[in-house]
Amino acid sequence: MERLRSAPPPVKRPAKKSKKAVAAMRPAEYAAYIGRLAAAGMVRRRPLGRGPFLAGFRIFYADGDVGAASPMTRDRMDYLVRYGATLVPTYDPAHLTHVVTTLDRAQFARKTGLESPRDVPDALPVLRWEWVKTGERAGGLARWHEHAAYNDHVVFEAVVPEGERRTVPEACRRGRSSSVQAKGKAADVEGRPDAGDAEASRISEFTQDRLAGLAAEQKPHASVQKAQRTRGEPSTSAATPHGGGGAADPLAEFYAAARAERETELRSDTPLRTGHAAAAAGSRQTGAFQCDIVPDGKVGTCPNQDVIDELNKLVKVHRQGATREDGFKVGAYTRAINGIRKLKTRIKSSEEALAIAGVGSKTAQKIMEIIETGHLRRLDHVLTKEIAILETFQGIYGVGPKVARQWLAAGCRTLDDIREGKHGVKLSTAQHTGLKYYDDINARMPREEAQAIFELIKPVALSIDPKLFVDIMGSFRRGKADCGDIDILITRPTDDGKSHIGRRLHCKDPRKLTTPLGVLRRLLKELHERGVITEDLNVPEDWDDLELVYRGLCRRDSKGLQRRIDFLTVPYKSRGAALLYYTGDDIFNRSMRLKANKMGYSLNQRGLYANVIRNPSDRRQKFNEGVIIASETEREIFEKLGVPWQEPHQRVRGG
DNA sequence: AAACAAATGGCG
DNA sequence: CGCCAT
DNA sequence: GTTT
Ligand SMILES: Cc1cn([C@H]2C[C@H](O)[C@@H](COP(=O)(O)OP(=O)(O)OP(=O)(O)O)O2)c(=O)[nH]c1=O
Ligand SMILES: [Mg+2]
């Protein structure tokens with residue numbers, strides 16, 4: 001979704017309509033209107049540092065407005081025009097180069113009069129709004145297929161030429177080669193004139209009747225400003241109501257408002273639930289939080305395992321899909337599978353299937369097909385070789401969906417292709433190590449081996465500083481019989497005024513430090529020398545920080561496989577939150593954090609924070625950090641969240 | 001018809 | 001920043 | 001894809 005709301009009123013000078021008249025316009029009318037303004041040179045066309053990256057594009061923007069165009073729709077239309085696009089007010093494929101939409105399939109079909117997005121001409125891309133916003137990035141507009149609105153209508157652009165291809169993103173990259181956008185486009189694009197100086201040509205390119213030169217390329221723009229915003233900080237001042245002059249805390253009234261809101265919800269409590277749980281669950285669509293439900297610990301073989309197996313293949317497929325729809329389907333099928341897993345009897349009818357939470361009519365049908373035939377025929381079409389290849393590539397540490405798709409698109413099919421650097425593939429250092437030990441890293445180890453390796457490490461740590469707390473977390477702490485890696489947490493009490501990095505913050509005298517280099521640095525050095533740690537993947541850069549993360553490989557002895565190992569060091573005050581985080585599992589953590597979020601809190605590996613103000617239109621975005629209310633013990637955090645205490649082995653929510 | 005949303009850090 | 005990792 |  002859109003994150004910023006920084007755009008000033010886009011339209012400068014009215015020979016125009018009154019505000020009221022504008023507000024009453026329907027989307028198509030507004031599109032035509034703003035087109036006329038643009039034609040008259042009355043739209044400021046290049047507001048920011050980037051060039052008119054939409055120059056020459058003829059875009060139909062389809063939003064869900066019923067009557068008048070909403071402010072957001074107008075905003076976005078303004079934006080499109082401002083960056084050089086020509087808005088086409090109706091769905092008219094012959095005169096379009098792009099369709100941009102926020103609609104789901106059904107809405108889109110209704111709006112365009114088509115049966116389905118499949119019926120859009122093959123060369124005409126239908127893209128999400130997010131694609132437009134990528135034009136502001138350093139790398140310029142993203143490739144179409146990465147932002148396809150619907151997974152059955154994905155338009156690919158021409159393959160990036162050798163020289164352009166990259167394995168690892170380059171931050172300072174400016175424009176894009178023209179061939180990126182050149183081919184595979186609507187037929188009317190061929191042989192368009194080069195837009196030359198986009199700036200100059202734009203003046204005469206606006207009329208809707210004329211087909212503007214399409215692929216006006218962004219030329220490398222000398223003065224692209226580099227975003228300097230600090231991570232996690234709000235980029236707007238939307239939360240400061242009155243300029244926030246000299247007040248101690250400009251957000252004070254928002255704290256009060258947030259608190260009041262929470263308390264209101266608390267009063268409308270259901271007796272069945274604890275106050276906080278109800279407050280949080282009240283606004284929620286899919287009911288309770290997973291972390292609230294303590295698993296009964298019973299294990300039995302599932303009578304519908306075959307169904308689950310087939311549906312999981314569908315999850316695999318959609319996991320590799322790049323669209324938003326795919327993302328939601330992954331979630332939807334996963335929820336359905338969780339529902340099915342709870343059943344103690346074999347599903348016998350579609351009615352029975354439909355009764356399962358998370359199973360709707362489509363999934364119920366699929367379930368019955370599996371029950372009756374043992375197989376889901378749809379999988380024959382969607383579970384392709386390409387899916388398997390993408391999964392193989394993503395098995396390399398440091399390779400995610402983007403790089404995997406890039407390699408596939410470039411023509412790579414096997415790990416040997418990657419090893420041989422075919423098609424211009426380049427590897428980062430971590431990827432290189434990941435490929436070298438591909439099989440080792442992807443194997444899980446018996447918990448006994450994790451234990452044994454840990455016992456090589458712990459004494460070394462304690463010999464550096466006997467007051468350290470050192471323990472294995474992750475799946476090992478949850479009691480799993482096999483572990484994907486070893487997760488080690490390190491901290492140290494400060495009752496003697498020292499910490500696991502010594503006292504360097506308060507004491508400059510190196511002779512008084514407990515550990516001259518900091519525990520972790522000394523420990524890693526020692527373990528390298530002993531041959532326990534064999535490769536680094538990710539080494540902390542600022543060793544002065546109390547919170548450090550290390551990732552690498554290790555092995556029990558020269559005959560052992562290479563195993564992934566992670567270290568996390570934290571301030572002693574954070575130990576409860578860190579324990580909670582690092583014990584997981586990941587799904588459990590997300591559930592706890594989601595609940596915290598909905599309660600007006602925020603939970604991370606440092607603690608539980610209250611009075612967190614979030615952006616109402618994007619709840620993931622925080623306006624402030626909040627004030628810490630729990631961090632020293634796990635139990636305290638459970639209590640404040642109203643989650644029943646659960647031992648590590650009970651905190652399993654994922655497969 | 002709209003919602004569905006963890007939170008953080010390192011690399012290049 | 002965008003990607004990848006936990 | 002499902003739920004509200
Ligand atoms: C991967 C991941 C882990 N975590 C937390 C919870 C995990 O238990 C902890 C360690 O991460 P992992 O080592 O990736 O997970 P794990 O130890 O639970 O399972 P495995 O046996 O496969 O190693 O970090 C998250 O909070 N979010 C994540 O996305
Ligand atoms: Mg682990």
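In what follows, every chain begins at residue 1, and chains take the letters A, B, ... in the order their sequences are listed.
- For A:V539, the side chain to side chain contact (heavy atoms under 4.5 Å, CB included) partners are A:D536, A:W543, A:Y550, not counting sequence neighbours.
- Rounding to whole angstrom units, CZ of residue A:R324 and P of B:dC4 are separated by 12 Å.
- The base of B:dT8 does not come close enough to the side chain of A:Y581 for any donor and acceptor atom to sit less than 3.5 Å apart.
- Looking at heavy atoms from C-beta onward, A:Y601 lies out of side-chain contact with A:K595 at the 4.5 angstrom threshold.
- The line from CG of A:L641 to SG of A:C291 is 7.0 Å long, rounded to the nearest 0.5 Å.
- Across C:dC4, B:dA7, B:dG9, the shortest atom-to-atom separation from the side chain of A:E547 is found for B:dG9.
- Between B:dA6 and A:N604, no contact under 4.0 Å exists linking OP1 or OP2 to a side-chain N or O.
- Contact check, A:R593 against B:dA6: no side-chain N or O comes under 4.0 Å of OP1 or OP2.
- The residue A:V330 sits apart from the nucleic acid: no heavy atom pair falls under 4.0 Å.
- Residue A:P540 is out of contact with every strand shown, counting any heavy-atom pair closer than 4.0 Å.
- Side-chain atoms of A:S428 lie closest to B:dG12 of the nucleotides D:dG1, C:dT6, B:dG12.
- Of the candidate nucleotides C:dA5, C:dC3, B:dG10, C:dC3 has the atom lying nearest to any side-chain atom of A:V403.
- Looking at heavy-atom distances under 4.0 Å, A:G331 makes no contact with the nucleic acid at all.
- Side-chain atoms of A:R319 do not come within 3.5 Å of backbone N or O of A:G327 as any donor-acceptor pair.
- Contact annotation for A:D586: no contact, since no heavy-atom pair falls under 4.0 Å across all strands.
- Residue A:T429 places at least one side-chain N or O under 4.0 Å from the OP1 or OP2 atom of B:dG12.
- Per the geometry, CG belonging to A:D542 stands 12 Å off P belonging to B:dC11, to the nearest Å.
- Of all nucleotides listed (C:dT6, B:dA6, B:dG10), B:dG10 comes nearest to the side chain of A:N538.
- Remark: P of B:dA5 and CZ of A:R590 are 9 Å apart, rounded to the nearest angstrom.
- Looking at heavy-atom distances under 4.0 Å, A:F328 makes contact with a base.
- At whole-Å resolution of the value, CD1 in A:I587 and P in B:dA7 are 14 Å apart.
- Atom P of B:dA5 sits at a distance of 13 Å from the matching atom of D:dT4, rounded to the whole Å.
- Distances were taken from every side-chain heavy atom of A:K402 (C-beta onward) to each of B:dA5, D:dG1, C:dC3; the shortest belongs to C:dC3.
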May I have the list of side-chain donor-acceptor pairs in residues 359-370 of chain A shorter than 3.5 Å, sequence neighbours left out?
from   : atom 1 : to     : atom 2 : distance (Å)
A:E369 : OE2    : A:R377 : N      : 2.7

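- In the set C:dA5, D:dG1, B:dA6, the nucleotide with an atom closest to the side chain of A:T363 is D:dG1.
- A:A357 comes within contact range of the sugar-phosphate backbone alone, with a heavy-atom separation under 4.0 Å but no base atom that close.
- Straight-line distance from the CG atom of A:N597 to the C1' atom of B:dC4: 13 Å, rounded to whole Å.
- Side chains of A:N604 and A:Y609 form a contact here, defined as non-hydrogen atoms less than 4.5 Å apart.
- Considering only side-chain atoms of A:R335, the nucleotide from D:dG1, B:dA7, B:dC11 that sits closest is D:dG1.
- Side-chain nitrogen and oxygen atoms of A:K598 include at least one within less than 4.0 Å of the OP1 or OP2 phosphate oxygen of B:dA5.
- To the nearest angstrom, C1' of C:dA5 lies 11 Å from CG of A:D485.
- With rounding to the nearest 0.5 Å, the separation of CE in A:M473 from CG in A:L568 is 9.0 Å.
- Here the side chain of A:R564 is nearest to one of B:dA7, D:dG1, C:dT6, namely C:dT6.
- Nucleotide B:dA5 holds its C1' atom 16 Å from the CG atom of A:L603, rounded to whole Å.
- Summarising the geometry, the separation between OH on A:Y550 and C1' on B:dG10 is reported as 14 Å, rounded to the nearest angstrom.
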